[in-house]
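Some notes on the structure that comes next.
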Amino acid sequence: MTKSLTPAQIAQFEAQGYLAPLPVMDAAEAHELRATLEAIEAGMGGPLRGDIRHKAHLLFPFLADLIRHPAILDAIEDLLGPDLLCWNSNFFIKEADTPSFVSWHQDSTYWGLSSPDVVTAWVALTPSSLANGAMAVIPASHTRDQIPHRDTFDRHNLLTRGQEVAVEVDEGAAVPLVLRPGEMSLHHVRLVHGSPPNPSGDRRIGFAIRYIPTSIRQLEGEDSATLVRGADRYHHFELEPRPERDMQDDMLDLHRRLTERSAQILYRGTGVGTYNDPRALRG
């Protein structure tokens with residue numbers, strides 16, 4: 001028996017590689033999370049940058065709660081099974097009236113994971129619409145296996161390497177995933193997706209949470225993850241603790257070590273060593 005998704009939704013995910021929109025929380029709760037984020041940013045003197053955008057669930061309890069949200073985990077369990085790790089999390093924030101974009105890509109390209117059984121929950125903290133650069137997907141593109149990519153290191157690209165698929169994309173087949181605050185989309189790690197700039201007068205804020213079953217391994221080095229449901233009988237990843245308060249010293253040290261190690265996997269072969277390297281991109 002499934003916990004959240006219907007058999008038809010599971011069949012759609014398997015055939016098309018995505019589901020949207022799915023409810024996580026009401027708009028008022030999403031607005032409160034946005035307010036929490038923006039209070040943190042105000043205290044830091046500006047928008048989140050560099051490594052702080054990655055694995056932020058290790059630094060802020062409100063995000064540690066979000067990656068464990070029952071509405072998210074119930075849907076993920078229906079797709080991946082009962083034993084779940086949060087492998088990573090990333091903010092995708094497009095500031096108002098800016099050229100930032102996400103090129104057509106597959107998430108799996110540089111992640112180094114042993115299996116494509118990976119699902120991203122993309123949680124909207126603001127509206128994500130045609131007017132502000134909503135993510136769009138190419139349905140069923142996840143069935144094409146791994147597609148060759150090229151690195152662009154475009155400074156406006158929110159991806160780590162500015163990577164883009166090295167084949168022609170039929171943009172006429174693209175489906176925009178329009179979300180209200182508090183809703184999420186789910187997409188397969190090999191689904192081709194991207195998003196245009198945000199020309200609107202407000203930020204577009206999404207929090208992408210990457211979930212894997214505990215059986216998956218990292219093939220390119222040592223790695224870490226957070227156990228969010230069930231049990232880890234495989235011990236392929238260093239398990240991450242939960243923060244007790246914002247930016248606590250020991251978690252900052254841990255976060256720095258883990259994100260530097262993660263960056264070495266994601267940027268391998270480029271000479272970029274950390275997310276804070278001047279050559280690294282904002283994503």
Side-chain angles (χ1 to χ4, degrees), residues 44 47-60 63-64 67 84-93 100 102-103 105-120 146-166 189-190 207-228 232 234-243 247-283:
M44 297 178 68
L48 301 184
R49 301 289 183 187
D51 64 350
I52 299 296
R53 287 193 179 212
H54 304 275
K55 286 188 179 283
H57 61 273
L58 298 181
L59 298 178
F60 306 109
L63 297 175
I67 68 169
L84 298 171
L85 296 168
C86 168
W87 173 68
N88 206 346
S89 67
N90 314 90
F91 269 112
F92 284 89
I93 302 174
S100 298
V102 175
S103 52
H105 71 288
Q106 294 171 304
D107 290 334
S108 54
T109 307
Y110 300 113
W111 285 3
L113 298 174
S114 63
S115 165
D117 293 326
V118 185
V119 176
T120 292
Q146 181 63 50
I147 299 172
H149 283 58
R150 54 178 167 255
D151 296 341
T152 70
F153 284 93
D154 187 309
R155 66 190 182 93
H156 297 306
N157 197 322
L158 291 177
L159 298 178
T160 49
R161 300 162 63 133
Q163 60 265 32
E164 61 183 19
V165 292
V189 72
R190 284 191 175 152
F207 188 63
I209 312 170
R210 324 298 191 165
Y211 292 103
I212 60 175
T214 56
S215 57
I216 283 184
R217 294 177 292 114
Q218 173 57 253
L219 301 178
E220 299 295 338
E222 296 181 354
D223 208 345
S224 65
T226 296
L227 182 66
V228 290
D232 178 13
Y234 296 91
H235 311 294
H236 294 319
F237 292 83
E238 176 184 347
L239 293 184
E240 301 161 346
R242 181 175 185 152
M247 303 284 281
Q248 63 192 66
D249 289 343
D250 59 334
M251 294 301 288
L252 280 168
D253 290 341
L254 176 67
H255 179 266
R256 186 177 303 108
R257 177 174 67 83
L258 297 184
T259 54
E260 286 178 356
R261 189 168 67 185
S262 174
Q264 289 171 5
I265 292 172
L266 293 172
Y267 285 110
R268 63 189 182 276
T270 68
V272 175
T274 73
Y275 294 114
N276 294 315
D277 190 301
R279 294 166 292 175
L281 300 178
R282 295 195 312 142

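- Within the 4.5 Å cutoff, the side chain of L239 has heavy atoms near those of the L85 side chain.
- The neighbour count for D249 CG, taken as heavy atoms of other residues, nucleotides or ligands under 6.0 Å away, does not exceed 12.
- Residues L254 and M251 are in side-chain contact: their nearest non-hydrogen atoms beyond the backbone lie under 4.5 Å apart.
- Rounded to the nearest 0.5 angstrom, F153 CZ and Q163 CD are separated by 8.0 Å.
- The two residues H105 and H149 have their closest heavy-atom pair at CA-NE2, 3.5 Å.
- In this structure, V189 and P116 approach most closely via the heavy-atom pair CG1-O, 3.3 Å.
- To the nearest 0.5 angstrom, Q218 atom CD is 10.5 Å from E222 atom CD.
- Expressed to the nearest 0.5 Å, how far CD of E220 lies from OG of S114 amounts to 11.0 Å.
- No hydrogens or angles considered: nothing links the side chains of S224 and E238 as a donor-acceptor pair under 3.5 Å.
- In this structure the side chain of H54 never reaches within 4.5 angstrom of the side chain of F91, judged on heavy atoms.
- Smallest separation of non-hydrogen atoms from N90 and R210: OD1-NE, 3.0 Å.
- Heavy-atom minimum distance, S89 versus H57: OG-ND1, 2.8 Å.
- For R217, the CZ atom counts as loosely surrounded, since its 6.0 Å shell holds 12 or fewer non-hydrogen atoms of other residues, nucleotides or ligands.
- Looking at V118 and W87, their side chains never come closer than 4.5 Å, going by heavy atoms from C-beta outward.
- Contact between S103 and N157 at its shortest, heavy atoms only, is OG-ND2, 2.9 Å.
- The closest side-chain donor-acceptor pair between Q146 and S108 falls under 3.5 angstrom.
- Separation of atoms CD1 (I212) and CG (L113) is listed at 5.5 Å; rounding is to 0.5 Å.
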For this session: Let me see the working for F207 and I67 under side chain to side chain contact (heavy atoms under 4.5 Å, CB included), right down to the final yes or no.
Result: CA-CA 10 Å; F207 188 63; I67 68 169; 4.0 Å; yes
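- For the atom pair CD of E240 and CG of D223, the computed distance is 8.0 Å after rounding to the nearest 0.5 Å.
- L84 approaches T214 most closely through the heavy-atom pair N-CG2, 4.0 Å.
- Residues F237 and D232 form no side-chain contact, since every pair of their non-hydrogen atoms from C-beta on lies 4.5 Å or further apart.
- Here the side chains of K55 and T226 are not in contact, with every heavy-atom distance at 4.5 Å or above.
- Atoms CG and CZ, on D253 and R256 in that order, are 5.5 Å from each other to the nearest 0.5 Å.
- In this structure, the side chain of Y110 does not engage the main chain of R268 through any donor-acceptor pair within 3.5 Å.
- Side-chain contact check for S262 versus N88: some heavy-atom pair is nearer than 4.5 Å.
- Side-chain contact check for W111 versus L266: some heavy-atom pair is nearer than 4.5 Å.
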